[in-house]
Asker: 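There's a structure below that I have some questions on.
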Amino acid sequence: LSEADGNRLFVEPNVAAVGALANLVRERLHGDVTYFNRNLHINATNVCEASCIFCSFARRMPDAGDAYTMTLDEAVGRVRALSNTFVTEVHIVNGLHPDLPFSYYTDLLRAIKNERPDLHIKGFTAVEIHYYAQKFGMTYEEVLVAFRDAGQDSMPGGGAEIFAPRARKKLCPDKVHTEGWLDVHRTAHRLGMHSNATMLFGSLETLEERVDHMMRLRTLQDETGGFRTFIPLRFHNEGNRLAKLRSPTDVDTLRTMAVSRLMLDNFGHIKAYWPMLGVQLAQLTLSFGCDDLDGTVREERIYHMAGAKTPQQLTRSELVALIRRAGRIPIERDTLYRVAAEA
Ligand code: V47
């Protein structure tokens, strides 16, 4: 599909038809299968130098009342607490802390691997990699190789926001620019690492800028083939400087999922990240192009601080039941979509 086709899909009045087209592609690729995993999230610090106007999680100053930075022991304690629990993945995303040494991150990776060698570490967004490269005078490759050697297995898709310069300048003026974000992922793919990509939708971007975002990802994926999953992230408006904007409607959300599935023909998976959607809407997305619900999650901070009313975690049996109720077949996967256990 061309960029013009993408724009047309966003304004086509018959949203059900757009959804049906996306469902066709989704079922061609995955049949009724819907993936989920058992994972945990660690946000080791909320101290962040960046001033993204949509963010409710970051604290600019390390001494702000509710700023926190976990000690290595505290962070590893999150993993240790699950030593008798089946989990396959830890998702690590942190603020851009101005004072932590490079060794904080490599020690964190090593300590988690040491505690649970079987756990896949999907950690550090392109924004973080770019920040450390600048701060410590390293190339993207040097940071990624050091992290990989310390235990990083793949990269999450965060920090992409909206690539179009007009919107990006407003949303996140002082974090990695579009070319940098793409180049970190290009480098990771070259080193043999897989990664995901996100899009923050429904704040102040235009519909054309959403399509532009997808086109840029599709082009890089044609070049490298290293992306696993695309995750459209629905904007939440509480506790940030965009509080006067409404969050996107459910219909807009379903349409955005569907257009993503249709435009990103070279992405294997479209993920409906349930903590930001709510369970019922997440179920509906499974007929609008999505084939993955992420995981059990446990303790999510970024969305809950922005007003998400979803639970902090879902159990495996809750995930299985909600996928079955949506008429799909649940498959528990690992991060790389290998079957971890059949539900
Ligand atoms: O990059 C921050 C987003 C992202 C808000 O790779 C917001 O599997 C909406 O990237 N409203 C981080 N969104 C989370 C993320 C992610 C999540 C789940 C799975 C994966 C994966 C990646 O959260 C940020 C930003 O785009 N975000 N604040 C907000 N108020």
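Indexing begins at 1, ligand by ligand and atom by atom, following the structure's order.
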Asker: Shared ILVMFWY cluster between F102 and V176, side chains joined below 4.5 angstrom?
Answerer: yes
Asker: Just one of W181, Y140, F124 clears the ring pair (Phe, Tyr, Trp, His ring centres under 6.0 Å) bar with H130, so which one?
Answerer: Y140
Asker: Does E12 have any salt bridge (charged side-chain N to carboxylate O under 4.0 Å, His left out) partners at least two apart in sequence or in another chain, and if so, which?
Answerer: none
Asker: Could you tell me which residues satisfy side chain to side chain donor-acceptor pair (under 3.5 Å) with Y337, sequence neighbours excluded, listed by chain and number?
Answerer: T229, D292
Asker: More than 12 heavy atoms of other residues, nucleotides or ligands under 6.0 Å from CZ of R241: yes or no?
Answerer: yes
Asker: Report the residues that fulfil salt bridge (charged side-chain N to carboxylate O under 4.0 Å, His left out) with R38, sequence neighbours left out, ordered by chain and then residue number.
Answerer: E332
Asker: Tabulation required: pairs of a nitrogen or oxygen in ligand 1 and a protein nitrogen or oxygen under 3.5 Å; columns are atom names and distance to 0.1 Å; otherwise 'none'.
Answerer:
unit_1, atom_1, unit_2, atom_2, d
ligand 1, 1 (O), G159, N, 2.7
ligand 1, 1 (O), E161, OE2, 3.1
ligand 1, 6 (O), G157, N, 2.8
ligand 1, 6 (O), N196, ND2, 3.2
ligand 1, 8 (O), K122, NZ, 2.6
ligand 1, 8 (O), N196, ND2, 3.0
ligand 1, 8 (O), K271, NZ, 2.8
ligand 1, 10 (O), G158, N, 3.3
ligand 1, 11 (N), H236, N, 2.8
ligand 1, 23 (O), Y303, OH, 3.1
ligand 1, 26 (O), E161, OE1, 2.4
ligand 1, 26 (O), E161, OE2, 3.4
ligand 1, 30 (N), F54, O, 2.8
ligand 1, 30 (N), H236, O, 2.9

